[in-house]
Amino acid sequence: MAVDRARIEAAVAEIIAAIGEDVARPGLEATPRRVAESYAEFFAGLDVDPVDHLRDTIPVGPHTGELVLLRDIAFRSVCEHHLLPFLGTAHLAYLPDERVVGLGKLPAVVDTLATRPQLQERLTEEIAEALHTGLRPRGVLVVLDAVHGCVTARGPRQSASSTVTMASRGELSEPAARAEIMALIGAGR
Ligand SMILES: [Zn+2]
């Protein structure tokens, strides 16, 4: 089911009225439509299976693959507790077994799972699970580093703080492997 834009527009007009503003004044009259368009974009991943991005794998033969690490994939999501954005970077590592996938497919997995109401912790786990399911690799490690609107712009107003989360599967759950990948993620900065 696609996002119901008309319903979002009506709800946003109601929010504007509820804060005591005039929804008909020039600066606000198009706001419900703009917010509805933004929400359609923010939640575009709700009906998409992230594993579909990993269908076209390339066979490499058993146990021939070395580590693949894609750093600094920019992502944007919306926290489901406050409906405020959180923005950051994802680093995806996997240890192939018999198949690899085009590198452009990995950001698509992140984007599909991020464009849903999310928690960073769950998003991290869901990315790891999608890679585990779609690639059947020997190991997966996912690291997300994000700044949350609900932390920086409200409540504690910790404008400089970011949140780092990790999820792993298989051989990349081992401490030595994790340490090696964390060093690679930080290398050259
Ligand atoms: Zn929040």
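Indexing begins at 1, ligand by ligand and atom by atom, following the structure's order.
Checked for salt-bridge contact, Glu98 and Arg138 miss the test: no charged N lies under 4.0 Å from a carboxylate O. Between Glu37 and Arg33 there is a salt bridge, since a side-chain N of the basic residue sits under 4.0 Å from a carboxylate O of the acidic one. Electrostatic pairing of Glu129 and Arg169 counts as a salt bridge here, judged by a charged N lying under 4.0 Å from a carboxylate O.
Within the protein, the N, O or S atoms sitting under 2.8 Å from the Zn ion (ligand 1) are Cys79 SG, His82 ND1, Cys150 SG.
Between Tyr39 and Phe43, the ring planes lie perpendicular to each other; the angle is over 60°, past the 30° to 60° tilted range. Ring-plane geometry between His148 and Phe86 is classed as parallel, the angle between the planes falling under 30 degrees on a 0 to 90 degree scale with a further cut at 60.
Leu184 is linked by a side-chain contact (heavy atoms from CB on, under 4.5 Å) to Leu67, Leu69, counting only residues two or more places apart in sequence or in another chain.
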